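Notes follow the structure.
Computed over heavy atoms, backbone and side chain alike; hydrogens, waters and symmetry mates excluded. In this text, all values refer to a predicted model and were calculated from it rather than measured experimentally.
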Amino acid sequence: MRVLVLGATGPVGISLCREILSSVQDPSLVLFVRSPQKIPNDLSTDSRVTVITGQLTDTESLAKAIEGVDAVCSALGPSVKKGPFHPSGEPLAHAYESVIDVMKKHGVKRLFALGKSYYALHSDYKTDIKFAVLVTGISTFARNAYKDVVAIGEIISKQDDLDWIIVRVPLLSDKPNRDVIGGFIGDGKINTGLTRIGFAVFVVAQLNDNESIWIRKAPMICNP
């Protein structure tokens, strides 16, 4: 399976790349990155990994990266470090529009995107006090990031001709716990903690399942 990974130089993306290489049959990766020097040595020197340098606004380079892949996995999201300084104008949402457009031109149907707890499909929405507090804080103090993530979800969820999954995550940690469950906020199962490797494990499980129950849904995942 040939997979394009976006956001491959961040902690979540790096975990995802390593998990794909170790847990997908006959894997090969295309990493589309702005700063190839940030790719860890174990990935950059792996013969199964192709690195293409470019910006998401560069559709020619993006098309080169997408051509021939079976799926696109994105770990793109607002930087925790930037927080309230995330740029206005929903730049990541516009980047996703470009990615989806190029995917369709090249016949790529499968998209797995990192989402946040503060985006939910209306049909999946339930209240939970813990997440309500979290969402209120983010929407107040990191308004631009909040708007960008919501816009990303709205763009992806309109794609009825793609097999997409928005994998929503709570607070992330670097702990080694690989156990992960999926559900929805307010269902009594979902809590506010998840390891980065847990995200990677969940995404790879969906990659390996062409008939996933989560297709065209936005599950919230966490460690049990």
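Taking the side chain as every heavy atom from C-beta outward, Asp179 and Val201 never approach each other to under 4.5 Å. For the pair Leu6/Val99, a side-chain contact is recorded, criterion being any heavy-atom separation below 4.5 Å from C-beta on. Side-chain contact between Ser28 and Val49: absent, with no pair of heavy atoms (C-beta onward) separated by less than 4.5 Å. Within the 4.5 Å cutoff, no side-chain heavy atoms of Ile66 are placed close to those of Phe32. Side chains of Val5 and Val3 form a contact here, defined as non-hydrogen atoms less than 4.5 Å apart. Counting heavy atoms from C-beta outward, Pro91 and Asp148 have side chains that approach closer than 4.5 Å. The side-chain heavy atoms of Pro219 and Phe202, taken from C-beta on, include a pair separated by under 4.5 Å. Side-chain contact between Val203 and Leu16 is present, with heavy atoms from C-beta onward closer than 4.5 Å.
Taking each heavy atom of Ala151 and Glu90 in turn, the nearest pair found is CB-CG, 3.8 Å. Scanning both residues, Ile190 and Gly183, for their nearest heavy atoms gives CD1-N, 3.7 Å. When every heavy atom of Ile165 is checked against every heavy atom of Ser212, the shortest pair comes out as CD1-OG, 3.9 Å. Smallest separation of non-hydrogen atoms from Met220 and Pro170: CE-N, 3.3 Å. Between Gln159 and Arg216, the closest heavy-atom pair is O-NE, 4.2 Å. Between Ala71 and Leu207, the shortest heavy-atom distance links the atoms CB-CD2, 3.7 Å.
Remark: Arg143 CZ to Ser88 OG distance equals 13.0 Å, nearest 0.5 Å. Between atom CD1 of residue Ile221 and atom CG of residue Leu194 there is a gap of 4.5 Å, rounded to the nearest 0.5 Å. The distance from the CD1 atom of Ile181 to the CG atom of Asp187 is 7.5 Å, given to the nearest 0.5 Å. Atom-to-atom distance recorded for Gln206:CD and Ile213:CD1 is 7.5 Å, nearest 0.5 angstrom. Atom CZ of residue Phe199 and atom SG of residue Cys73 lie 7.5 Å apart, to the nearest 0.5 angstrom. In this structure, CG in Leu4 is found 12.5 Å from CD in Glu67, a value given to the nearest 0.5 Å.
Salt-bridge check for Glu19 with Arg178: passed, with a basic side-chain N closer than 4.0 Å to an acidic carboxylate O. A salt bridge between Arg110 and Asp70 is absent, with no side-chain N of the basic residue lying under 4.0 Å from a carboxylate O of the acidic one.
Legend: salt bridge (charged side-chain N to carboxylate O under 4.0 Å, His left out) pairs involving residues 41-62, not counting sequence neighbours, sorted by first then second residue: Arg18-Asp42, Asp46-Arg48.
Panel note: side chain Asn208, backbone Ser23; a donor-acceptor pair is recorded below 3.5 Å. For the pair Asn144 (side chain) and Gly89 (backbone), a donor-acceptor distance under 3.5 Å is absent. With hydrogens and angles disregarded, no donor-acceptor distance shorter than 3.5 Å links the side chain of Asp26 to the backbone of Met1. Checked by atom type and distance alone, the side chain of Ser35 never pairs as donor or acceptor with a backbone atom of Gln37 at under 3.5 Å. A donor-acceptor contact shorter than 3.5 Å is absent between the side chain of Asp174 and the backbone of Thr195.
Partner of Ile52 under the side chain to side chain contact (heavy atoms under 4.5 Å, CB included) criterion, out of Val30, Val33, Leu31: Val30 alone.
Aromatic ring pairs are classed by plane angle as parallel below 30°, tilted from 30° to 60° and perpendicular above 60°; the pair Trp214 and Phe184 is perpendicular.
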Inset, instruction - Give the C-alpha distance, both sets of side-chain angles, the deciding distance and a yes or no for side-chain contact (heavy atoms from CB on, under 4.5 Å) between Thr50 and Leu29. - result: CA-CA 6 Å; Thr50 299; Leu29 292 181; over 6 Å; no
Legend entry - Leu21/Leu43 under side-chain contact (heavy atoms from CB on, under 4.5 Å): CA gap, chis, key distance, verdict: CA-CA 9 Å; Leu21 290 174; Leu43 295 177; 3.7 Å; yes
Legend entry - Stepwise side-chain contact (heavy atoms from CB on, under 4.5 Å) check, Leu92 with His94: CA-CA 5 Å; Leu92 292 176; His94 291 304; over 6 Å; no
Legend entry - Audit row: Leu172, Val12, side-chain contact (heavy atoms from CB on, under 4.5 Å) steps and yes/no: CA-CA 9 Å; Leu172 294 172; Val12 176; 3.8 Å; yes
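For Ser98, the side-chain hydrogen bond (donor to acceptor under 3.5 Å, both in side chains) criterion is met by no residue, not counting sequence neighbours.
Sparse packing is recorded around NZ of Lys175, with 12 or fewer heavy atoms of other residues, nucleotides or ligands lying under 6.0 Å away.
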